[in-house]
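Everything on this sheet refers to the single structure shown next.
Reckoned from all heavy atoms, side chains included, excluding hydrogens, waters and symmetry mates. One is the number of the first residue; the rest follow in order along the sequence.
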Amino acid sequence: MSGGRKGWFGAAFAVVNAAVLAFVLLREPDLALGLSVFTGLDFAWAAACIALAAAFLLLAALALYESARGCGGRVSALSMIRAELCSRFYVMVSPLGAAGQPMYVYQLTRSGLSSSQATAAVAARFVANQAAFQGAYLAAAMMMWRGIGAWARTAVTLSLTLNLWMLAFIILVAVAPRPLLFAVRQMVRLLHALRVSKDPDALEVELFHGVAQYAQHFRSAGFRTVAVSFALCALQALCFSCFAPCVYFALGLSGVPAIELAALSLVVMSAVAFVPTPGNAGGAEGAFYALLGGPFGYANRLSGMLAWRTLSYYLPLVASGVTLGIWMLSTGVRRKRAQRSERLCPPQ
């Protein structure tokens, strides 16, 4: 993506999120009351919220590290923390996280993995992540099924169905790639018939080779790698579910069980998983008001929503954005030094 396109992409993301926040804030009749609650936050619970956000990101990086090692990559945990944060920025600023997975592959290749190893590692981590989070979403939806509205039930059902189909497809390609290879052959023939591809045989060989290598590396990861990644992602889902209870207690509230708040927050994220805006902007805020506004109460729902959204989205976004900026600057400096060295000492 060119620099100009990145600039427009970032500007569009900022405008969408600013518009959503302005809409929510301006519709709040008692804005001053909602914001004033922040001054009375309990320090211990606020610190617990920050620690949970840090643990959430660290567990994601460790799951990526385990998947990369399982697929044959010789990587360090520190490099995987950098890869996770740099890639997560693109997940969080693109609609439905569409730009995130290619960036994960790119970051892993920069860490020494081959393209097929990186693709298999990202897919293995994706399988573990989806299995853990969709399992948590399903358990939360079953627990709160009678207490949520019809719209939430429909949204959760559609989200779970689509995500589980995607998960099944990725596993099927790794375990039994022949159906996909058949589909690839038919796609290449169609492209040739439409005169999109000038050399269908070369394209077919390249695609077949990529699918075969992906399946091989994914299977080589083994059950242990996927199981460890799944356990780390399950802890990550647990951290995410604890954001709402910690915010609730930090605001000095009581009366609603923590497990109910945790389950409702998971239902919120499951319901808005396919909202086509960066970071599910708009959907997440609206769903929080609809499902968690009652437990938080009229005077605390705005501050609760802002604190929960900051922990679950804006804080990781800032951390990943700063990491990405530092990495891009350091990469640019190293590239300029290498070019200067080549000019001063040209190869013989």
To the nearest 0.5 Å, how far apart are [atom1] in [X] and [atom2] in [Y]?
{"X": "Phe56", "Y": "Leu238", "atom1": "CZ", "atom2": "CG", "answer": "11.5 Å"}
{"X": "Leu58", "Y": "Ile81", "atom1": "CG", "atom2": "CD1", "answer": "5.5 Å"}
{"X": "Asn300", "Y": "Leu253", "atom1": "CG", "atom2": "CG", "answer": "4.5 Å"}
{"X": "Ile148", "Y": "Met143", "atom1": "CD1", "atom2": "CE", "answer": "12.0 Å"}
{"X": "Met92", "Y": "Leu317", "atom1": "CE", "atom2": "CG", "answer": "5.5 Å"}
{"X": "Met305", "Y": "Trp308", "atom1": "CE", "atom2": "CH2", "answer": "9.5 Å"}

Indicate if [X] and [Y] have the same hydrophobic cluster label, given that clusters are the connected sets of ILVMFWY residues with side-chain heavy-atom separations under 4.5 angstrom.
{"X": "Met144", "Y": "Ile259", "value": "yes"}
{"X": "Leu324", "Y": "Ile326", "value": "no"}
{"X": "Leu291", "Y": "Val156", "value": "yes"}
{"X": "Val322", "Y": "Val91", "value": "no"}
{"X": "Met142", "Y": "Val267", "value": "yes"}

Worked check of side chain to side chain contact (heavy atoms under 4.5 Å, CB included) between Tyr90 and Gln107: CA-CA 12 Å; Tyr90 288 90; Gln107 288 289 336; over 6 Å; no
Ignoring hydrogens, what is the shortest heavy-atom contact between [X] and [Y]? Give both atom names and the distance.
{"X": "Leu85", "Y": "Ser320", "value": "O-CB, 2.9 Å"}
{"X": "Ala262", "Y": "Pro245", "value": "N-CG, 3.9 Å"}
{"X": "Gly70", "Y": "Thr225", "value": "CA-OG1, 3.4 Å"}
{"X": "Leu261", "Y": "Ala244", "value": "O-CB, 3.9 Å"}
{"X": "Ala48", "Y": "Cys246", "value": "CB-SG, 4.5 Å"}
{"X": "Gln134", "Y": "Ser159", "value": "OE1-O, 4.5 Å"}

Can any side-chain N or O of [X] pair as donor or acceptor with the backbone N or O of [Y] at less than 3.5 Å?
{"X": "Asn129", "Y": "Arg125", "answer": "no"}
{"X": "Ser67", "Y": "Leu64", "answer": "no"}
{"X": "Ser270", "Y": "Leu266", "answer": "no"}
{"X": "Arg309", "Y": "Tyr314", "answer": "no"}

Minimum side-chain heavy-atom gap Val247-Leu311 below 4.5 Å: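 In short, these two side chains touch, coming nearer than 4.5 Å.
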Side-chain heavy-atom pair Val127, Phe230 within 4.5 angstrom cut-off: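 With C-beta onward as the side chain, the pair stays apart.
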The single option from Phe288, Tyr137, Phe133 passing side-chain contact (heavy atoms from CB on, under 4.5 Å) against Met269: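 That would be Tyr137.
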Option from Phe243, Phe296, Trp45 for which ring-ring contact (aromatic ring centres under 6.0 Å, His included) with Phe249 holds: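 With Phe249 as partner, Phe243, Phe296, Trp45 yield a single ring-ring contact (aromatic ring centres under 6.0 Å, His included), made by Trp45.
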Step-by-step side chain to side chain contact (heavy atoms under 4.5 Å, CB included) determination, Met80 to Leu62: CA-CA 7 Å; Met80 290 299 97; Leu62 290 177; over 6 Å; no
Leu158, CG: over 12 other non-hydrogen atoms inside 6.0 angstrom: yes
Criterion side chain to side chain contact (heavy atoms under 4.5 Å, CB included) on Val75 and Arg69, from CA distance to verdict: CA-CA 7 Å; Val75 295; Arg69 290 286 296 258; 4.2 Å; yes
